[in-house]
Amino acid sequence: MKENFIEIKHVKKEYPMGTNKFVALKDIDLNFSEGEFTGIVGPSGSGKTTLLNIIGSLDSQSEGEVIVLGYEVADLSSSKSARMRSENIGFIFQTYNLLPVYTVFENVEFPLLLLRINKNERIKLVTEALKWVGLLDKIKSRPSQISGGECQRVAIARAIVKKPKLVLADEPTANLDADNSHNILKTMKKINEETGTTFIFATHDAKVIKYLKRKITLLDGSVAKDELVNGG
Amino acid sequence: MIFKLALKNILGAGLRTWLNIFILSLSYFVIIALQGFFVGWQEDASREMKKWDIAGGQYWQEDYDPYDPFTLEEGHAVIPDELKKLISNEEALAILISPATIYPKGRMRNIVLKGIAPEQNLVELPTTYLENQDEEINCILGSSFAEKLSVSIDDYIVLRWRDKNGAYDARDIRIAHIFSTTVLTVENNQIWISLPIMQEMLGYLDQATIITVKDENYHQEITGWEYKNLDFLLKDLNNMIKAKTIGSSMMYVLMLFLAVLAIFDTQILSIFRRRKEMGTMMAMGMTRVKIIQLFTLEGVLHAILAILVGAVYGIPLLRYFKKVGMQIGANAKDWGLSGVTDALYPIYGWKLVVGTIIFVLITVIIVSYLPTRKIANLKPTDALRGKMTKKDE
């Protein structure tokens, strides 16, 4: 397991709010190793999503240093940052964010198109990913034709299809019922265990917490607790 | 890849896409159809004017200025030998012009009296009716002018003129024929009589004001006469058509505006509707440049598909218009449409078609690019939030 897979040093994030500034993250110091199955938990407004976005280079910190897979995120240009995400990071969102006009197959195929992977390889990888999430029978369906749980499984397949080193999942079970949530979490846990992909969640769902190996609790933008759980 | 994605996106949008495409195709069609009618009108009017009035060009006596009535009495001279030869070979035609007055039904009206050889066949004017019998002076005039004067064939009107010595004389002239023409320059306020008779009446033997030549390439310097080529002679007509074209262009600019608005609206709507989609694309690693390319290409594909859809219904319709024309009928002259016969027949040149396509394409590219650039410059997190209303924040 690679140490210092992600390094977060004295990170502060401020948002302008009128003439004042809202501090979303205060002096965060964290390290993540490869293969972790970690959750950033905390109430709404505690800074979970902000931290996840900074790790995923979707946002930048106001102060401090964030090194992801050896890249100093703040130093990356827009195109280099896009390339890093394309090659190394998979995202799972609370609202699935599937592309509505594409089929399940095309949605999962999309990240591979960005990597310019050839057609045969794409078909192989997409089939493999959909097999992981148990949706091989829905490849021609559109997002509007499948359930919420299935949409989230498509989103997982899309996140893992390119075999990223890191998957960032923002409240992946928030819109799902208990059964679907457990299925999704089991799927992600299985992927984590079998492929070694690092998973970092932002969540306040108790169901997710049961599956985590490490739990980082944020309160008002600060790390309140960082603990190994469930035998992690 | 971008092309396939763009195509998939617009085809996947279903009815919205096809509505935009239809509106855009309509703008292509209307622009080409309207412009085709104007090109056709211009061609038609030029052809008619050559047939009825100016043939291949004209020599004007140097003092003659059609816009200055005072020059009409002075603007005449002996026909030069070079042109006489052409006239005898039926390759030129002499016209003498003089102001005169007529008294139809007891009313006085100042007119332009024109003398033309009855035996000429260079222009369409039915001058054979001018051959006089029984010492009568026959005249011909256009139907619109005859209507204004309330005269008809075989009516007699009093004609008064001033001869070369300044002496006034008058005679009854017989209306031998009323011709119908669309060329206002041979009709407005004009009465045509036989050239030899007019020369004798005015005392301007062997003289003319204008010599119309058949061959548009014939051009010799002749002292005392100024050569006017077709470009010059058609300038007024072309200017008039141009003015009307500009006026009418407002309509197709409006059509284009509506079409562009549809595309612009689609793209602007995309900022709100598809912000999240773009945020997702950014999160998956699509670069800003690729996103701009994708969404601009979607706009361009709308325009290209509109060409195909427009071609499906437009080509048969444009062909139909070309075959039957636009019926104008007797109202043409009331509308000031000089040179138009009973119908307007459009002409669709490749320049018109290609020009319209390029014009619409460029417009669509611009209105697709601008809002897309705005979206692509959003921070991925802002795009992902997909804020549509304040509630969502």
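A, B, ... follow the sequence lines: proteins, then strands. Residue 1 opens every chain.
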message = How long is the straight-line distance from NZ of B:Lys290 back to OG of A:Ser79, given to the nearest 0.5 Å?
response = 10.5 Å
note = When rounded to the nearest 0.5 Å, the distance separating NZ of B:Lys8 from CD of A:Glu106 is 3.5 Å
query = Given the options A:Asp59, A:Thr49, A:Leu115, A:Leu168, which has more heavy-atom pairs under 4.5 Å with chain B than any of the others?
reply = A:Asp59
message = For the OG atom of A:Ser78 and the NZ atom of B:Lys379, what is their distance to the nearest 0.5 Å?
response = 13.0 Å
message = Atom OH of residue position A:Tyr15 - does it have more than 12 heavy atoms of other residues, nucleotides or ligands inside 6.0 Å?
response = yes
message = As an exercise, state the distance from CZ of B:Arg288 to OG of A:Ser77, rounded to the nearest 0.5 Å.
response = 10.0 Å
inquiry  = I'd like to know whether CZ of A:Arg142 has more than 12 heavy-atom contacts from other residues, nucleotides or ligands below 6.0 angstrom.
reply    = yes
Within 6.0 angstrom of B:Phe321 CZ, more than 12 heavy atoms from elsewhere = yes
task = Considering only heavy atoms, give the residues of residues 310-318 of chain B separated from chain A by less than 4.5 Å, sorted numerically, with 'none' for an empty result.
result = none
ask   = Taking only residues two or more places apart in sequence, or in another chain, which ones meet A:Phe110 in a ring-ring contact (aromatic ring centres under 6.0 Å, His included)?
value = none
Show me the side-chain donor-acceptor pairs of residues 22-29 of chain A shorter than 3.5 Å, one per line, residues at least two apart or across chains.
| from | atom 1 | to | atom 2 | distance (Å) |
| --- | --- | --- | --- | --- |
| A:Lys26 | NZ | A:Asp220 | O | 3.2 |
| A:Asp27 | OD1 | A:His10 | ND1 | 3.1 |
| A:Asp29 | OD1 | A:His10 | N | 3.0 |
| A:Asp29 | OD2 | A:His10 | ND1 | 3.2 |

query = Nearest 0.5 Å, what's the CD1-CG distance between B:Ile2 and A:Leu113?
reply = 9.5 Å
query = Say you draw a straight line from CZ of A:Arg158 to OG1 of B:Thr280; how long is it, rounded to the nearest 0.5 Å?
reply = 6.0 Å
Residues 88-105 of chain A: residues contacting chain B (heavy atom under 4.5 Å, by number) = A:Phe91, A:Phe93, A:Thr95, A:Asn97, A:Leu99, A:Pro100, A:Val101, A:Tyr102
query = Which atom names give the shortest non-hydrogen contact between B:Met284 and A:Pro111, and what distance separates them?
reply = SD-CG, 3.8 Å
